[in-house]
Amino acid sequence: MTRYILKRILSGIFTIWVTTIAVTLLIHLVPGDPVQIMFAQSQSTTPEQIEQIRSQLGLDRPIYEQYFMYMGRILQGDFGTTIRGNQPVLELLLVRLPNTLALALSALLITMLVGVPIGFFAAYKRGTWLDTSLMTGAIIGISIPSFWLGLMLMYVFSIRLGWLPVSGTDFKNLILPAVTLGLANAAAVSRLTRSSMLDVLSQDYMRTARAKGLAETLVLSRHALRNGLINVVNMLGLQFTYMMGGAIVVENVFAWNGIGRLAIQSIFQRDYPTIQGFILIFATVVVVVSIVLDILYVWIDPRIKYS
Amino acid sequence: MTQPVATLSNTSIAAAKVKDFGQFLKRLLKSPSAKMGGSICLVLVVTAIFAPVIAPHDPTELGVGAALTPPNSEFWFGTDEFGRDLFSRMVYGSRLTLYVGLIAVGISMTVGVLTGLVAGYVGGWVETALMRAVDVLFSFTETLIALAAVAVLGPSLTNAMIAVGISSIPFYARITYGAVLVEKNKEYFKAAQAVGAQHVRLLFRHILPNILSPIIVVATVGVSVAVLSASALSFLGLGAQPPSPEWGAMLAAGRDYFKRAPWITTFPGLAIAITVLGFNLLGDALREALDPQQRT
């Protein structure tokens with residue numbers, strides 16, 4: 001197990017390292033002059049200022065030198081400053097990161113609380129009208145765009161009923177974005193849970209448990225659910241990655257002040273230092289959380305031996 | 001002596017394949033998902049092809065009706081803030097949706113399948129390098145890859161299509177790679193190798209036709225993923241730009257009139273959901289028909 005954990009951590013470090021290279025190259029892949037593009041919207045920038053920024057960003061040096069410069073700065077916690085406003089990028093991202101994490105994690109909780117029971121009951125009642133209706137609901141669910149679902153929920157619960165605020169930053173404002181993101185993914189999780197449970201329910205130990213006269217609730221909770229949940233825990237890492245990706249869109253629907261919203265604004269403003277910082281922070285969070293969840297999975301299911 | 005045997009075996013293989021295809025088609029036509037999904041996709045294609053005949057107005061013509069007219073007998077889906085007919089815009093939007101889905105899937109499938117084929121077939125350091133790159137891409141979300149690509153290329157519908165196409169490459173690469181590894185150990189492949197078939201022939205005449213089934217399933221569901229991702233990018237303002245009748249962009253434009261005219265956001269959203277549902281149903285049905293043992 002230690003070897004597996006070590007391997008997982010090393011592969012995570014490798015991914016982050018590749019991201020740093022990709023992020024450095026990003027600015028060079030932009031068709032045309034990136035500095036001109038960044039300042040295209042501001043009329044007052046003089047050619048001298050543009051040259052100064054080019055040299056500040058190190059764009060007048062060979063690419064390998066730029067990479068080492070960028071890495072050196074990042075390791076010291078310096079992600080550069082925003083093009084407009086000259087604010088430190090890392091600070092901007094770190095202020096917003098907890099909001100994105102709060103959204104992604106509460107959505108993950110909703111996904112599991114809704115998706116897992118639906119998948120479980122559909123599998124248990126396999127082939128009945130309940131199974132058919134739940135799975136029809138699930139395929140409709142995965143087809144609904146999260147941004148549209150968000151707008152519709154906002155229309156009903158904020159505009160029509162007035163129960164929840166349209167946007168803001170406190171806990172009450174988190175409910176609608178989290179429900180939107182959670183429900184959007186619950187449909188996919190219910191389908192995965194159903195197939196995992198179908199596999200568990202057809203195992204010999206299930207028949208044995210019933211044959212020895214155990215009550216159905218015990219058979220289901222001790223044997224079926226416990227084994228089925230192992231696969232669900234295995235999905236957590238991947239689901240968290242989806243939540244982080246989905247959060248970018250949902251944050252923009254509800255004006256939730258997370259890093260996804262900042263990223264979209266930066267793309268509009270062609271603020272490359274912020275875009276680079278966002279990609280790096282986002283990738284690091286996804287990699288670290290996935291590793292933690294994978295390790296948790298190995299710890300929960302000791303039957304599995306990883307090399 | 002070798003030729004007649006080869007011809008005979010080719011004929012019997014072809015006959016078996018026709019029989020298999022017949023059974024596959026029978027299973028597919030029996031499935032309610034295939035009927036429903038297929039009908040939705042067919043309606044989308046027919047709408048896209050005959051858009052100029054179906055749409056009563058020009059999709060970009062301003063003031064064909066009063067601004068923000070609710071749905072009525074003349075303007076079935078109402079009008080937007082510029083008095084444009086929403087129904088006509090939706091009809092023309094189906095062309096963009098289909099176009100985005102097919103181009104994006106075309107990009108991801110071509111690059112992904114080639115990557116998986118080469119990695120699985122060549123092996124060695126090429127395999128390690130390619131699949132490691134795929135793993136790295138896989139560990140990010142598609143959204144992040146698409147955003148990075150749009151950040152580089154700039155916001156437009158074409159760039160959004162390319163971005164969405166790039167973001168799905170790892171899926172096709174992994175599926176193809178796994179399938180190639182399985183096929184490489186089969187008798188027919190070893191036999192073809194033993195008689196000295198060229199690499200290109202081995203890859204494209206022997207391996208590729210045998211691994212097409214999972215790729216077709218992924219590609220069908222891939223269209224729905226591409227439609228969702230591209231409309232999300234347009235919704236965020238990073239894809240199609242006004243006055244394009246792209247559904248995601250229409251939905252975003254309707255946000256400002258959400259309270260007064262909810263139909264501007266309702267109809268494009270419904271259209272995206274129904275289209276995605278159609279391809280998802282078709283993908284599910286294809287998977288079940290191609291691999292009945294997987295049926296749950």
Side-chain angles (χ1 to χ4, degrees), chain A residues 11-12 14-15 17-19 22-23 25-32 34 37 123 126 139-140 142-149 151-152 154-155 159 166 191 194-195 198-199 241-249 252-253 260 263-264 266-268 270 272 275-276 278-279 282-283 286-287 290, chain B residues 32-33 36-37 132-133 135-155 167 221 224-225 227-229 231-233 235-238 247-248 251-252 254-255 258-259 262 265-266 268-281 283-284 294 296:
Chain A
S11 104
F14 177 76
T15 305
W17 174 66
V18 173
T19 313
V23 153
L25 287 177
L26 183 93
I27 206 159
H28 292 277
L29 295 171
V30 177
I37 292 171
R126 182 188 183 178
I139 198 161
I140 293 173
I142 53 170
S143 307
I144 295 176
S146 62
F147 47 92
W148 186 62
L149 178 67
L151 286 176
M152 292 297 124
M154 193 195 280
Y155 184 73
I159 296 173
V166 174
R191 278 162 62 102
R194 180 180 177 270
S195 42
L198 281 179
D199 185 41
T241 312
Y242 287 145
M243 296 295 159
M244 287 292 287
I248 299 173
V249 179
N252 282 280
V253 175
I264 303 299
S266 316
I267 295 177
F268 276 129
R270 296 299 191 105
Y272 287 106
I275 299 170
Q276 287 174 312
F278 163 75
I279 295 176
F282 186 97
V286 166
V287 165
S290 300
Chain B
S33 299
M36 185 77 185
R132 207 68 206 113
D135 283 348
V136 169
L137 279 175
F138 218 85
S139 48
F140 306 136
T141 66
E142 283 177 281
T143 321
L144 185 70
I145 302 171
L147 277 187
V150 172
V152 168
L153 300 167
S167 69
V221 179
S224 69
V225 175
V227 167
L228 268 183
S229 307
S231 61
L233 285 176
F235 173 78
L236 294 171
L238 303 174
W247 295 342
L251 218 155
R255 283 176 76 177
F258 199 34
K259 268 188 189 171
T265 41
T266 307
L270 264 179
I272 299 169
I274 293 171
T275 304
V276 173
L277 178 67
F279 283 101
N280 275 336
L281 285 171
D284 268 10
Q294 285 276 309
T296 45

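In what follows, chains carry the letters A, B, and so on, assigned in the order in which the sequence lines appear, proteins first and then strands, with residues in each chain numbered from 1.
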Original post:
Going from CD on Q276(A) to CG on L26(A), what distance comes out if it is rounded to the nearest 0.5 angstrom?
Top reply: 6.0 Å
**OP:** Name the member of S231(B), P155(B), A146(B) that forms the most heavy-atom pairs with chain A at distances under 4.5 Å.
**Re:** S231(B)
Original post:
By salt bridge (charged side-chain N to carboxylate O under 4.0 Å, His left out), which residues pair with D199(A), not counting sequence neighbours?
Top reply: none
Subject >> Best-contacting candidate, G12(A), P145(A), P31(A), against chain B by heavy atom pairs under 4.5 angstrom >> reply: P145(A)
Subject >> Residue V253(A) versus chain B: region with a heavy atom under 4.5 Å >> reply: both
Original post:
Which one, L270(B), V225(B), V227(B), leads in non-hydrogen pairs under 4.5 Å with chain A?
Top reply: L270(B)
Original post:
Quick one: what part of S224(B) sits under 4.5 Å from any heavy atom of chain A, side chain, backbone, both or neither?
Top reply: neither
Original post:
Hey, is CE on M36(B) packed in by over 12 heavy atoms from elsewhere, all under 6.0 Å?
Top reply: no
**OP:** Could you tell me which non-hydrogen atom of A283(A) sits nearest to which non-hydrogen atom of T19(A), and how far apart they are?
**Re:** CB-CG2, 3.8 Å
Original post:
Given a strict heavy-atom distance threshold of 4.5 Å, which part of L137(B) is in contact with chain A: side chain, backbone, both, or neither?
Top reply: neither
**OP:** May I ask you to name which of G278(B), A149(B), A252(B), G237(B) has the most heavy-atom pairs under 4.5 Å with chain A?
**Re:** G237(B)
**OP:** Would you mind telling me which of L281(B), V150(B), L233(B) has the largest number of heavy-atom pairs within less than 4.5 Å of chain A?
**Re:** L281(B)
Original post:
Which atoms form the tightest heavy-atom contact between G254(B) and T265(B), and what is the distance?
Top reply: C-CG2, 3.7 Å
Original post:
Which region of I159(A), side chain (C-beta onward) or backbone (N, CA, C, O), has a non-hydrogen atom less than 4.5 Å from a non-hydrogen atom of chain B, or is it both or neither?
Top reply: side chain
Subject >> Inter-residue atom distance R270(A).CZ - Y272(A).OH, 0.5 Å rounding >> reply: 4.0 Å
Original post:
Given a strict heavy-atom distance threshold of 4.5 Å, which part of L149(A) is in contact with chain B: side chain, backbone, both, or neither?
Top reply: neither
**OP:** Would you mind checking which part of Y155(A) comes under 4.5 Å of any heavy atom in chain B, side chain (CB onward), backbone (N, CA, C, O), both or neither?
**Re:** both
Original post:
For the residue pair S167(B) and E142(B), what are the closest heavy atoms and their distance?
Top reply: CB-O, 3.3 Å
Original post:
Does a donor on one side chain sit under 3.5 Å from an acceptor on the other, for S33(B) and D284(B)?
Top reply: no
**OP:** Identify, with sequence neighbours excluded, every residue that meets salt bridge (charged side-chain N to carboxylate O under 4.0 Å, His left out) alongside R255(B).
**Re:** none
**OP:** Answer with side chain, backbone, both or neither: which region of S266(A) has an atom nearer than 4.5 Å to a non-hydrogen atom of chain B?
**Re:** neither
Subject >> Portion of S290(A) that has a non-hydrogen atom of chain B nearer than 4.5 angstrom >> reply: neither
Original post:
In terms of heavy-atom pairs under 4.5 Å with chain A, which of T275(B), I272(B), L236(B) leads?
Top reply: L236(B)
Original post:
Is chain A contacted by the side chain of F258(B), its backbone, both, or neither, given a heavy-atom distance below 4.5 Å?
Top reply: both
Subject >> Heavy-atom side-chain contact between L147(B) and I264(A) under 4.5 Å >> reply: yes
**OP:** Can you tell which part of I140(A) gets under 4.5 Å to a heavy atom of chain B, answering side chain, backbone, both or neither?
**Re:** both
